[in-house]
Enquirer: 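Got a structure here, written out as structure tokens. Questions coming.
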Amino acid sequence: MYYISDLHSHIDQEVSLKGWVINSRSSKGIEFIVFRDGTGFLQCIVDENNVGSEVYELSKTLSQESSVEITGKVIKDERQIGGLELHVNNLKIINLTNNYPITNKSHGVQFLMDNRHLWLRSKRQWAIMRVRNSIIYAIHNFFQNEGFMQMDAPLFTGNAAEGSTTLFETEFYDRPAYLSQSGQLYGEAMAMAMGKIYTFGPTFRAEKSKTRRHLSEFWMIEPEMAFYDNEMNMNLIERFIKSVVSEVITRCSSELEVLERDVQFLQKVVETDFPRISYDDAVKVLNGVKEINGITSIDLLNKDLKAITEQIEQVNNDIVEREEILSDETLKQKKRNFIQNKIDILKNDLIDLQEKASHIPEWIKSAQNFKYGEDFGGSDETVLTRMFSLPIMVYNWPKDIKAFYMKRDDENPDLVKGVDVLAPEGFGEIVGGSERETDYDILLGRIREHKLPEDVFKWYLDLRDYGSVPHSGFGLGLERFVSWITNTKHIRETIPFPRMYGRLEP
RNA sequence: UCUCUAGUAGCUCAGUUGGUUAGAGCACCGGACUGUUAAUCCGGGUGUCGUUGGUUCAAGUCCAACCUGGAGAGCCA
């Protein structure tokens with residue numbers, strides 16, 4: 001048995017493939033079958049003169065998503081994606097499909113999500129899942145090569161660890177229990193046993209968030225390193241992200257092509273130092289007080305707004321032009337329908353553009369009014385990364401907006417040594433990390449300040465009693481990372497079966 | 001939880017200040033065409049207009065409540 005991904009080494013040979021029909025087109029005496037087998041896509045040509053009328057007639061009955069065994073000769077053809085096609089000699093139908101719901105036309109989000117179990121077969125979803133797999137592989141690869149040990153943190157926890165977030169409550173032998181929102185505290189314990197560890201597991205948050213960046217169940221990677229300060233932590237994060245991106249570029253070139261991902265952009269991420277900016281400076285940038293590359297955030301946003309406004313004008317003119325054509329009453333019905341459809345499409349584009357344009361003034365306002373001491377909102381992150389077009393690292397945060405375990409800054413007790421990595425192009429925070437507080441009394445004080453129950457942190461405080469050492473770590477949200485790498489606007493497409501507010505099936 | 005927005009054919013949508021029998025494209029079936037890339041062209045029929053109540057001679061269209069989505073805010077990875 002052969003797979004499409006191996007065919008390059010079988011050019012001009014006869015092979016037999018098993019898979020599914022994506023689509024078929026026909027002309028007189030020739031049938032084009034677009035075929036997939038999970039490893040790739042291939043156009044198969046059934047020529048009546050070549051296969052005879054029996055196989056040719058069979059090929060005409062093939063419907064979308066029918067499963068088939070298909071035999072033929074591999075031929076080089078530059079016109080095709082992948083540069084190959086199959087000249088069919090024989091064909092066997094395994095299962096003939098009727099009325100496959102996802103057609104080769106556009107569908108709405110709800111319909112596709114309701115058919116997620118089938119949607120995963122579609123080309124774009126296929127590509128996203130393949131990239132996700134390569135990212136997972138690259139993450140393990142990186143940490144294993146660096147001498148990290150993978151550990152599994154518990155999913156049942158007895159307490160709402162960091163306080164702020166809402167957790168899913170469940171029952172554990174007649175006691176209330178919560179699904180874990182982070183494995184970090186357990187990771188710290190393990191790092192004191194192993195030196196360098198990382199967790200890779202599911203995480204649960206019960207917030208009723210309805211945005212393109214949130215899931216109720218997502219996967220997180222949380223490394224924790226003994227004897228690392230935040231500087232070393234940031235260096236590791238940067239090397240780590242570059243390593244994973246670089247591996248995806250080499251392993252997933254055809255997937256990135258399907259996704260229409262700008263590989264040059266990713267290549268730049270691998271080759272350029274990530275900008276590192278203190279929270280203080282980030283606030284100045286947002287407020288428009290500090291310039292980056294010779295321009296303030298406010299000026300850059302206004303420039304963006306102007307460009308979008310011009311685009312809107314252009315689309316508007318386009319619509320008016322077509323409507324004028326429609327006013328000709330002698331126009332044939334067919335032609336009229338065609339133009340009307342085009343106008344409807346343009347009107348939808350217009351709505352998108354107008355929505356974009358309407359956001360920018362809000363972003364400007366939010367950025368200008370941003371006050372020192374607040375946490376960045378979604379739009380603030382977009383504005384900050386817009387200034388660099390690279391992932392940026394924001395460090396030295398006000399202690400009041402960060403978790404209790406972060407280490408205070410020696411020079412300014414109001415700051416903690418945390419770091420957030422913001423992905424460019426509006427994909428938001430992909431990494432949150434910090435150096436951890438090592439002093440027993442300060443940590444206990446922070447737990448009390450946050451009004452957290454002391455008794456459940458007793459074991460955690462033990463880590464500061466017995467051989468406490470400087471240590472740091474971070475958490476990477478897998479789906480947000482996949483979103484960014486694959487340029488997928490909504491996080492729900494980056495996990496096979498998303499669990500989010502209002503979605504438990506399929 | 002709040003703000004905005006939507007629900008019309010299997011799917012994507014149009015439907016004018018309320019007014020005859022609610023329209024397209026696609027999917028599906030048949031036909032034409034020997035290289036198509038969501039092929040194209042010709043022919044074929046499909047509706048509890050989200051639900052309930054109200055206003056009216058008349059409601060897909062107006063009003064109210066509810067249900068279900070989408071975008072954003074908050075929260076965060």
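Quantities reported herein were computed from a predicted structural model and do not represent experimental measurements. Each chain gets a letter, A, B and so on, in the order its sequence line appears, and its residues count up from 1.
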Enquirer: Taking N and O atoms by type only, does the side chain of A/Thr103 place a donor or acceptor under 3.5 Å from a partner on the base of B/C26?
Expert: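 Answer is no: no donor-acceptor pair is held.
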
Enquirer: Choose from B/U68, B/U34, B/A77 the nucleotide whose nearest atom is closest to any side-chain atom of A/Gln110.
Expert: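 Nearest listed nucleotide: B/U68.
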
Enquirer: Taking the same atom, C1', in B/G25 and in B/G19, what whole-Å distance lies between them?
Expert: 28 Å

Enquirer: Which nucleotide, in any strand shown, forms a Watson-Crick or G-U wobble pair with B/C41, with both distances under 3.5 Å?
Expert: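 Checking every strand shown, B/C41 finds its partner in B/G31, with both distances under 3.5 Å.
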
Enquirer: Can you see if the side chain of A/Arg480 gets near the phosphate of B/A77 - specifically, an N or O under 4.0 Å from OP1 or OP2?
Expert: no

Enquirer: So what does A/Leu215 hit on the nucleic acid, given a heavy-atom distance under 4.0 Å: a base, only sugar-phosphate, or nothing?
Expert: base

Enquirer: Under 4.0 Å, heavy atoms only, any strand: does A/Gly29 hit a base, just the sugar-phosphate, or nothing?
Expert: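 Here A/Gly29 touches no strand at all.
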
Enquirer: Nearest-Å distance, CG (A/Leu167) to P (B/C75)?
Expert: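 Interatomic distance, CG of A/Leu167 to P of B/C75: 16 Å.
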
Enquirer: Which value, in whole Å, describes the distance between the P atoms of nucleotides B/C4 and B/U16?
Expert: 24 Å

Enquirer: Please measure how far the C1' atom in B/U8 lies from the corresponding atom in B/G15, and state the result in whole Å.
Expert: 9 Å

Enquirer: Give a yes or no on whether a salt bridge exists between A/Lys417 and A/Glu435, defined as a side-chain N under 4.0 angstrom from a carboxylate O.
Expert: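 Result for this pair is yes, salt bridge flagged.
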
Enquirer: Tell me which of A/Met220 and A/Glu85 sits closer to the 5' end of RNA chain B, going by the nucleotide each one is nearest to.
Expert: A/Glu85

Enquirer: Would you measure the distance from the C1' atom in B/U46 across to the matching atom in B/C41 and give it in whole Å?
Expert: 23 Å

Enquirer: Counting only side-chain heavy atoms from C-beta out, which of B/C28, B/G35, B/A38 sits nearest to A/Ser27?
Expert: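 When the side chain of A/Ser27 is considered, B/G35 is the closest of B/C28, B/G35, B/A38.
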
Enquirer: To the nearest Å, give me how far apart CD (A/Glu381) and P (B/C75) are.
Expert: 11 Å

Enquirer: Establish, yes or no, whether a centroid distance under 6.0 Å links the rings of A/Phe204 and A/Tyr178.
Expert: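 Not close enough - the centres of the two rings lie 6.0 Å or further apart.
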
Enquirer: Partner lookup for B/C57, please. Criteria are Watson-Crick or G-U wobble with both distances under 3.5 angstrom; report none if nothing qualifies.
Expert: B/G19

Enquirer: Looking for any heavy atom pair under 4.0 Å, which part of the strands does A/Arg212 touch: base, sugar-phosphate only, or nothing?
Expert: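 Sugar-phosphate only.
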
Enquirer: What integer distance in Å separates A/Tyr501:OH from B/C76:P?
Expert: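 After rounding, the gap between these two atoms is 19 Å.
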
Enquirer: When the distance from CZ of A/Arg121 to C1' of B/A38 is rounded to whole Å, what number comes out?
Expert: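 One finds 19 Å between C1' of B/A38 and CZ of A/Arg121, rounded.
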
Enquirer: Could you tell me which nucleotide pairs with B/C11 by Watson-Crick or G-U wobble geometry, both distances under 3.5 Å, or answer none if nothing does?
Expert: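 Matched B/C11 with B/G25 under the 3.5 Å cut-off.
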
Enquirer: Rounded to whole angstrom, note down the P distance from B/U12 over to B/G70.
Expert: 13 Å

Enquirer: Heavy atoms under 4.0 Å, any strand shown: does A/Val34 hit a base, just sugar-phosphate, or nothing?
Expert: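 Nothing, no heavy atom under 4.0 Å.
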
Enquirer: Does a distance-only test, which skips hydrogens and angles, find a donor-acceptor pair under 3.5 Å between the side chain of A/Asn49 and the base of B/U34?
Expert: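 Looking at the base of B/U34, it does pair with a donor or acceptor on the side chain of A/Asn49 (distance under 3.5 Å).
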
Enquirer: Verify the neighbour count for atom NZ of A/Lys76: are there more than 12 heavy atoms of other residues, nucleotides or ligands below 6.0 Å?
Expert: no

Enquirer: According to the Watson-Crick and G-U wobble definitions, with both distances under 3.5 Å, which nucleotide is paired to B/A6?
Expert: B/U68

Enquirer: Yes or no on ring pair (Phe, Tyr, Trp, His ring centres under 6.0 Å) for A/Tyr279 and A/Tyr372, after CA distance, side-chain angles and deciding distance?
Expert: CA-CA 9 Å; A/Tyr279 174 87; A/Tyr372 186 94; 5.2 Å; yes

Enquirer: After noting the C-alpha distance and the side-chain angles of A/Arg446 and A/Glu449, does the key distance pass the salt bridge (Lys or Arg N to Asp or Glu O under 4.0 Å) rule?
Expert: CA-CA 5 Å; A/Arg446 294 281 283 158; A/Glu449 267 173 49; 3.4 Å; yes

Enquirer: Nearest of B/C33, B/U36, B/C11 to any side-chain atom of A/Lys28?
Expert: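 In terms of side-chain proximity for A/Lys28, the closest of B/C33, B/U36, B/C11 is B/C33.
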
Enquirer: Just checking A/Ser26: base, sugar-phosphate only, or nothing, at a heavy-atom cut-off of under 4.0 Å?
Expert: base

Enquirer: C1' atom, B/U36 versus B/A32: distance in rounded Å?
Expert: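 It works out to 15 Å between them.
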
Enquirer: Rounding to a whole Å, what distance do you find between A/Asn115:CG and B/C11:C1'?
Expert: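 About 10 Å, once rounded to whole Å.
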
Enquirer: Can you measure A/Glu31 atom CD to B/U37 atom C1' for me and round it to whole angstrom units?
Expert: 14 Å

Enquirer: When the P atoms of B/C42 and B/A58 are compared, how many Å lie between them, rounded to an integer?
Expert: 43 Å

Enquirer: Can you check the distance between B/G60 and B/A22, where both ends of the measurement are the C1' atom (answer in whole Å)?
Expert: 8 Å

Enquirer: Between P on B/U3 and CD on A/Glu362, what's the gap in Å once rounded to a whole number?
Expert: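 My rounded result for the distance is 15 Å.
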
Enquirer: Reckon A/Gln43 touches a base, only the sugar-phosphate, or nothing at all at heavy-atom distances under 4.0 Å?
Expert: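 Base, at least one base atom sits under 4.0 Å.
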
Enquirer: Could you state the CZ-P distance from A/Phe111 to B/G7, rounded to the nearest angstrom?
Expert: 18 Å

Enquirer: Does the Lys NZ or Arg CZ of A/Lys242 fall within the cation-pi geometry relative to A/Phe274 - under 6.0 Å from the ring centre and within 45° of the axis?
Expert: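 Geometry flag: set, cation within 6.0 Å and 45°.
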
Enquirer: Does the structure show a Watson-Crick or G-U wobble partner for B/C75, both distances under 3.5 Å? Name it, or say none.
Expert: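 None - no nucleotide pairs with B/C75, as no candidate has both distances under 3.5 Å.
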
Enquirer: Students often get this wrong, so: under 4.0 angstrom with heavy atoms, is A/His214 touching a base, only sugar-phosphate, or nothing?
Expert: base

Enquirer: Is the A/Phe370 to A/Phe376 ring centre distance short of 6.0 Å?
Expert: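 When the ring centroids of A/Phe370 and A/Phe376 are compared, they turn out to be within the sub-6.0 Å range.
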
Enquirer: I want to confirm an ordering. Mapping A/His87 and A/Arg205 to their closest nucleotides on RNA chain B, which one lands closer to the 5' end?
Expert: A/His87

Enquirer: Does the structure show A/Phe218 stacking with B/A77, if we require the centres to be closer than 5.5 Å and the planes to be within less than 30 degrees of parallel?
Expert: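 Yes, A/Phe218 stacks on the base of B/A77, since the ring centres sit under 5.5 Å apart and the planes are within 30°.
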
Enquirer: For the rings on A/Tyr198 and A/His140, is their centre-to-centre separation under 6.0 Å?
Expert: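 Centroid distance A/Tyr198-A/His140: below 6.0 Å, so yes.
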
Enquirer: Please state whether the phosphate of B/A71, meaning OP1 or OP2, lies under 4.0 angstrom from any side-chain nitrogen or oxygen of A/Arg492.
Expert: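 The answer is yes; a side-chain N or O of A/Arg492 sits under 4.0 Å from OP1 or OP2.
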
